[in-house]
Protein chains: 2
Amino acid sequence: MKVTMKKVARRAGVSSSTVSRVVSGHPNVREETSRKVKKIMDEMKYTPNMIAKSLVSKTTSSICILLPKQDEKCFSNLFFMELIRGIATQANLSGFDIFISLGANEKEEVEMVSRLLKGRRVDGVILFSSRKEDAVVDFLKINNYPFVLIGRSDKYNEILSVDNNNLKAAYDATNHLISMGHKRIGFVRGPSNAIFSCDRLEGYRKAIQDNGLERRPEWILGEEVMQDSGYHAMSFLMNLPKRPTAILVVDDLVAFGVIRGLNKLKYKVPDDLAIISFNNTTLTELSNPTISSIDIGIYQLGYTASQVLIKRIQNPSNETQHTNRFIIEHRLIVRESSIPKRLGV
Amino acid sequence: MKVTMKKVARRAGVSSSTVSRVVSGHPNVREETSRKVKKIMDEMKYTPNMIAKSLVSKTTSSICILLPKQDEKCFSNLFFMELIRGIATQANLSGFDIFISLGANEKEEVEMVSRLLKGRRVDGVILFSSRKEDAVVDFLKINNYPFVLIGRSDKYNEILSVDNNNLKAAYDATNHLISMGHKRIGFVRGPSNAIFSCDRLEGYRKAIQDNGLERRPEWILGEEVMQDSGYHAMSFLMNLPKRPTAILVVDDLVAFGVIRGLNKLKYKVPDDLAIISFNNTTLTELSNPTISSIDIGIYQLGYTASQVLIKRIQNPSNETQHTNRFIIEHRLIVRESSIPKRLGV
DNA sequence: CTGTTAGCGCCTTCAA
DNA sequence: TTGAAGGCGCTAACAG
């Protein structure tokens with residue numbers, strides 16, 4: 001049988017308002033009364049009905065993570081799990097629960113979020129928004145729901161968002177390759193409608209330009225590289241009359257494919273082609289050779305996003321005050337794939 | 001301003017009960033009335049308040065996935081994301097939402113689940129229970145809450161669970177190695193308190209025994225193999241006076257570490273040591289050589305778990321009827337790591 | 001077929 | 001400092 005406030009109240013010989021006050025830590029309760037009620041609550045194993053509480057307070061203490069549809073290959077599942085861990089850890093600390101929803105397509109995503117928010121099941125949403133022209137962002141923006149973007153919007157810039165400086169990250173990665181003596185550097189980019197992907201491309205271009213290096217369009221490959229584990233793409237790249245000696249790769253998982261493709265073609269990493277990738281997932285250390293990577297602080301990204309969103313939910317007033325763009329620092333992690341053998345390790 | 005049933009009702013010139021009936025598809029509504037109400041609902045953009053509905057119906061149409069604490073290394077994040085996809089896909093089909101929670105430790109997991117269930121925020125729980133003596137299972141069992149185990153319980157066998165036949169899977173994998181001509185076969189096991197791990201070990205042993213092959217305790221390695229990416233463990237294994245020519249590895253990610261360790265030691269896979277692993281995550285195809293693996297149908301595992309749990313929630317009556325143990329078929333996927341080069345590919 | 005009534009369990013006035 | 005009353009938005013039971 002369900003233990004309600006009423007029952008606790010009756011048993012304790014007080015009114016249910018008093019019990020309510022004790023539960024919510026209201027100051028206007030005599031110390032003695034409070035202790036007595038608490039004791040009875042323990043005895044009866046009272047657990048508040050969150051649903052009833054939600055109905056009254058119009059808040060749910062829960063947020064929703066909207067994960068993009070499966071076929072966004074460029075980010076591995078490793079990435080998302082790590083993100084979820086960051087979000088969940090912080091959310092729990094703040095006493096929030098987490099809904100998770102996987103959109104099948106953009107339209108469905110909007111419906112899902114709409115249902116969750118309007119149905120008052122969640123107080124806010126964390127979006128992993130890489131794409132340009134995101135209908136979900138539009139929806140949330142228009143309806144003024146609390147949400148935070150992991151990544152950034154190219155449409156609205158006053159939106160709450162947690163991101164890396166992807167331009168700088170790619171710039172740093174490219175410079176690392178340059179500092180290793182490379183002059184011809186290629187880039188395996190992610191999907192062209194993904195903002196982070198464009199940012200990284202831009203950083204790469206800037207570094208090439210700032211160093212007065214050669215720049216060739218055929219050194220930039222699309223993400224279709226992943227097909228047949230990079231075999232054809234690498235075959236194409238390595239058979240160019242002027243081929244690069246190093247490449248940046250948009251994600252570790254893709255770098256894996258690239259390395260595998262190169263191996264099949266009997267090329268050696270890093271001797272024939274040096275590689276540096278992004279995200280620094282567990283994979284980088286398991287690869288052979290180990291992969292140099294830009295650590296973008298995935299966990300931090302999630303942790304911060306959760307923190308920022310919850311703060312906004314709990315304090316909607318300062319909506320336009322303060323910062324609304326949070327940048328997580330990246331770090332260059334150098335491993336075998338970008339260190340020429342002749343330099344030693 | 002929130003659009004409620006009352007407002008829709010007033011606008012449509014009917015009572016709110018009628019609106020309620022229309023929403024819930026109750027039969028006793030005149031076709032015409034229904035159409036009129038629906039039209040007004042659309043016009044006013046009415047969205048039902050799920051919280052209020054929950055309060056009355058005492059159901060939430062949501063389930064919770066409890067993910068084990070981070071340090072269970074043997075299963076990679078890839079595994080969990082795939083599981084989540086399976087669960088989420090099926091749950092959405094049934095109109096259920098998903099809570100996710102990451103336990104930090106067993107005690108916290110119990111508290112979490114307890115809060116969620118008693119607080120009536122979720123109707124049931126999907127547990128990834130690998131370990132023996134699981135306090136969460138005890139709690140759910142005692143309180144008679146709807147839940148399903150992915151894996152199995154060695155304590156209660158009438159519990160709803162979705163699992164592989166891990167014994168058979170390991171048996172099949174071992175036989176595959178045997179059929180490739182191997183006589184000395186090792187095993188890299190998962191955590192010893194994990195049931196699936198023990199099941200697999202048993203299957204391996206059985207296959208060795210059934211084929212009258214040699215069996216040596218030093219050929220069985222613990223999961224600490226993952227330390228320093230398997231270098232030391234492989235060094236130990238390969239330096240045994242009588243060393244195995246093939247091994248089973250409990251998870252793809254671990255197999256990765258093993259291969260990397262072997263590479264560092266200048267051993268070749270599969271020539272010096274053939275490898276077959278479990279789970280068949282994306283990694284297997286990206287490795288070099290590609291890894292033979294037992295596909296345990298991770299997505300199916302999740303999909304089925306969700307299906308079974310939701311059925312139980314919606315129809316609690318047949319609690320003890322029918323099957324309560326569902327087995328997902330496994331498949332042997334043969335790749336390069338277990339095919340001797342001399343046999344060709 | 002439709003409307004009225006009475007809660008679900010909690011929180012928040014308003015009085016006392 | 002406490003209690004009584006009313007309502008959050010919806011559903012279920014009972015009349016009509």
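Only this structure's heavy atoms are used, side chains among them; waters, hydrogens and symmetry mates stay out. Below, chain A is the first sequence line, B the second, and so on; all start at residue 1. In this text the structure is predicted, and so the values were computed from the model without any measurement.
Comparing C:dC11, D:dT11, D:dT2 against the side chain of A:Val56 picks out C:dC11 as the nearest.
Looking at A:Lys155 and A:Asp138, a side-chain N of the basic residue comes within less than 4.0 Å of a carboxylate O on the acidic one, giving a salt bridge.
What separates NZ of B:Lys6 from C1' of D:dG6 is a distance of 11 Å, to the nearest Å. One interatomic measurement links the two molecules: CG of B:Leu55 to P of D:dT11, which rounds to 11 Å at whole-angstrom precision. Between the CD1 atom of A:Ile51 and the C1' atom of D:dT11 there is a distance of 15 Å, given to the nearest Å. Atom CZ of A:Arg10 and atom P of D:dT2 are 19 Å apart (whole Å).
When heavy atoms are screened at a 4.0 angstrom cut-off, A:Arg120 is found touching no nucleic acid atom at all. B:Thr33 comes within 4.0 angstrom of sugar-phosphate atoms only, judged by non-hydrogen atoms across all strands, and of no base.
Here B:Thr18 reaches the OP1 or OP2 of C:dG3: one of its side-chain N or O atoms lies under 4.0 Å away. Between A:Thr4 and C:dG9 there is no side-chain N or O to OP1 or OP2 distance below 4.0 Å. For A:Asn28, a side-chain nitrogen or oxygen approaches OP1 or OP2 of D:dT1 to under 4.0 Å. The phosphate of D:dT2 (OP1 or OP2) has a side-chain N or O of A:Arg30 nearer than 4.0 angstrom. For D:dC8, neither phosphate oxygen OP1 nor OP2 lies less than 4.0 angstrom from any side-chain nitrogen or oxygen of A:Lys53. Residue B:Lys2 places no side-chain N or O under 4.0 Å from the OP1 or OP2 atom of D:dC8.
The 12-atom threshold is not exceeded at NZ of A:Lys38, counting heavy atoms of other residues, nucleotides or ligands nearer than 6.0 Å.
Atom CD1 in A:Ile65 sits 5.0 Å away from atom CD1 in A:Ile100 (nearest 0.5 Å). The CG atom of B:Leu83 lies 7.5 Å from the CG atom of B:Leu67; values are rounded to the nearest 0.5 Å.
Where A:Ser17 and B:Ser20 each meet DNA chain D at their nearest nucleotide, the meeting point lying more 5' is that of A:Ser17.
Using bins of under 30°, 30° to 60° and over 60° for the plane-to-plane angle, the ring pair A:Phe99/B:Phe99 lands in the tilted bin.
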